[in-house]
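Quick notes on the structure that follows.
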Amino acid sequence: MNVHTVSTQPFSDQKPGTSGLRKQVPVFQQRHYLENFIQSIFNSLDDYRGKTLVLGGDGRYYNRTAIQTILKMAAANGVGRVLVGLGGILSTPAASCLIRKNQAFGGIILSASHNPGGPEGDFGVKFNTSNGGPAPEKVTSAIYEASKTIEGYQIIEASDIDLDTLSIVQLGETTVEVIDSVADYADLMQSLFDFDRIRDFMTSGKFRMSFDALHAVTGPYAKALLEDRLGAREGTVQNGIPLEDFGGGHPDPNLVYAHDLVELLFGDNAPDFGAASDGDGDRNMILGRNFFVTPSDSLAVLAANATLVPGYKDGLAGVARSMPTSAAVDRVAEKLGIDCYETPTGWKFFGNLLDVGKATLCGEESFGTGSNHVREKDGLWAVLFWLNILAVREQSVEDIVREHWKTYGRNYYSRHDYEAVDKDSATALMENLRSQLDSMPGQTFGNYEVKYADDFSYTDPVDGSVSKNQGVRIGFTDGSRIVFRLSGTGTQGATLRLYLESYEPDDASQHDTDTQTALADFIQIAEDVAQIRKHTGMDKPTVIT
Ligand code: VG1
Ligand code: CO
C-alpha cells in the first residue's frame, strides 16, 4: 500500500461549533484544509484501528470530493472497514442508525445542515462517536487541540472509488462497502411505528399529505417510506431529488424557507398534513391545514401521545429539551410523573441522557425532535410519529394541538434571528447583557417582575461535565422568559438568537392570540435590556420562527 505522509501547517479556525466544523466551501477547498481536520479526528482517537467507520453526507457540493479524500485517509490511517452511502448519501439520522447497528467506532457526516449549499454555500464535517451521537465536547475539544499542532497527514495513493454502485472493494488494507443509504433506516422506522395502520389511513381517501424534501437529503428516504412503504400517492414527496445546491434554496424547514409548502398548507383546498426536513434530514416542520405546529409544541404533543405508538407503548422514561425550547414538554412530563431535563443547545448534550435511559424523547425549538432509537434528531421519524398519532386519533392536526393546549395550557413561543451581524457588535451586546444580570432579579419591566437572570450553565447528570455560558436567560415571575444566545452554526459574522416565551394557562379563550402579539411585551423588554437595534444596526429580525 502506497501511504504518503504529507506535511502541512495548522489552520487556526478548526474549532467545531454547535454541530461540527462549518465553513464556506472555498474555505474547505484550501489546500490541506479538509485533510488537516480529518487527520485531527484520527489523531484525537485512540482505539479505532481495524474497526468500522460510517461515511456519508447530505449530497451538497463538495460531498463527493470530500468522500474520496476521506476514504483514502481512512485507509492510510488503518481503519478496518468503511461503510459509505450510495452516491455518498446518508442523512444524519441514517448515519447514526448505521453506526449503532454496525458497532462502528464512529461516523463522519458531511453536511452544513440547514445552511445553503453550492460552490458559494457552506460545507461541514461532523464526527459522531460509537453511540451514534455527535461527539461530546471533550472529543470536539481534543480534535480542535490536535488541529492546532498538526504537522502532517496520511493518505494513500489510489484511484477514486465508484460511489454509484453497491459494491465491496479494497482500498489498501481497508474494505470499503458502498451500501444502500435508505434500507436499514427505513427498517428501523418500520419497527417503531404502526405501518399497517398508517398505510390504511393514508389510502383511506380521508387524508392527504405533502412532504417537501427541499432538494436535500431526505428525498430518497421520504419516497421509500411514505410512497413505497406507506402507500402515499406518488408526488407526495416534493423536491425529492437531492441537488448539490438544493436548487438554490435554503434547506431549512421553517415558515420562511419552506415557503412553497407553507403556501400549499395555508392555501385553498389544502392537504390535511404537511411536513418538511432540512439539508441533512435531522430537522422537521409539522403543518396542519392552515395550521403551524411550533417545534416546542410538537415535542410536547409527541410526549403526551407516545403510548399510541408501538415503539413507545410502554411509556417514556423521561424527556429532555434544550434550554431555549419552550417549557410545553415540562408540563407533560409533570403530568406523566417523569423527569424533564434542560440541556444546552445542540444534540450532543442529549447523548448521555439517552445512553443511560434517563430520557426517551428529546427536542429543540429549532425544529429538532428525536428519541432513543438513534442519537441524532430525526426529521422523518417525527413525521412518522405524527402520522401514527393522526392515524389512531383521526382528528386534524389543529384539533390535536388545541386539545393539548386545553389540557396543559399554551406556551406562546417565537425565535427572532438577527443574521450576519458584525461579530464584535454581537459580542458587545452579550457582554452588556451579562453585566446587567446580577442587578436584574426583583426589577420590574411594565407588569413583569424578573425572577432570575443568569448565563445558563449545565452540569451533565451522567458524567458531571460542566458547560458554561450557554445563553443569557431572563425569567419572570409569571413563567415567561427571554433568552439570548449567539449561534454556533453560522459562517458569516455572528447570528443573534432571541427566544421569547410566555404562558397562558388552560383557558381556551386565551389560545387564539397571534403569537407575535402575545409576545409583544417581551419583544419590547428584550429591546430595552439588550439594545438590539443599536448593536446590530438592524430594525427587525432577519428570520422569525
Ligand atoms: C442551531 C440550533 C440548534 C441545533 C443546531 C444544529 O444551532 O439552534 O438547536 O442543534 O443548529 O442543527 P445554533 O448554535 O446555530 O443556534 V442542524 O440541523 O445544523 O444539525
Ligand atoms: Co440538520
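As a basis for the values below, the full set of heavy atoms in this structure was taken, side chains included, without hydrogen atoms, waters or symmetry mates. As the structure lists them, so they are numbered: ligands from 1, and atoms in each ligand from 1.
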Any nitrogen or oxygen of [X], main chain or side chain, under 3.5 Å from a nitrogen or oxygen of ligand 1?
{"X": "S366", "answer": "yes"}
{"X": "T345", "answer": "no"}
{"X": "G488", "answer": "yes"}

Give a yes or no on whether S113 keeps an N, O or S atom under 2.8 Å from the Co ion (ligand 2).
yes
Closer than 4.0 Å to some heavy atom of [X] - which atoms of ligand 1 meet that?
{"X": "D278", "value": "18 (O)"}
{"X": "G346", "value": "10 (O)"}
{"X": "K126", "value": "20 (O)"}
{"X": "S113", "value": "17 (V), 18 (O), 19 (O), 20 (O)"}
{"X": "R22", "value": "17 (V), 19 (O), 20 (O)"}
{"X": "R497", "value": "8 (O), 13 (P), 15 (O), 16 (O)"}
{"X": "R415", "value": "8 (O)"}

Report the name of the N/O/S atom of [X] located nearest to the Co ion (ligand 2).
{"X": "D278", "value": "OD2"}
{"X": "D282", "value": "OD1"}
{"X": "D280", "value": "OD1"}

I need the contact type for T18 against ligand 1. Using non-hydrogen atoms and a strict under-4.0 Å cut-off, is it side chain, backbone, both or neither?
side chain
Below a 4.0 angstrom heavy-atom separation, can you tell me which part of T495, side chain or backbone, both or neither, approaches ligand 1?
neither
Under 6.0 Å from the six-membered ring centre of F456 and within 45° of its axis: does the NZ or CZ of R485 meet both?
no
Relative to the ring of Y62, is the ring of F28 parallel (under 30°), tilted (30 to 60°) or perpendicular (over 60°)?
tilted
Note: R321-E364 ion pair, threshold 4.0 Å (strictly below)
no
Min heavy-atom dist [X] to ligand 1 below 4.0 Å:
{"X": "K348", "answer": "no"}
{"X": "E376", "answer": "no"}
{"X": "G368", "answer": "no"}

Using the side chain to side chain contact (heavy atoms under 4.5 Å, CB included) rule, take M189 and D378 through it: C-alpha gap first, then chi angles, then the decisive distance, then the call.
CA-CA 11 Å; M189 293 301 109; D378 189 343; 3.6 Å; yes
Y418 side chain near R533 side chain, heavy-atom distance below 4.5 Å
no
Using the side chain to side chain contact (heavy atoms under 4.5 Å, CB included) rule, take Y61 and V25 through it: C-alpha gap first, then chi angles, then the decisive distance, then the call.
CA-CA 8 Å; Y61 184 80; V25 167; 3.7 Å; yes
Would the distance check show the side chain of T18 and the main-chain N or O of G346 forming a donor-acceptor pair, the cut-off being under 3.5 Å?
no
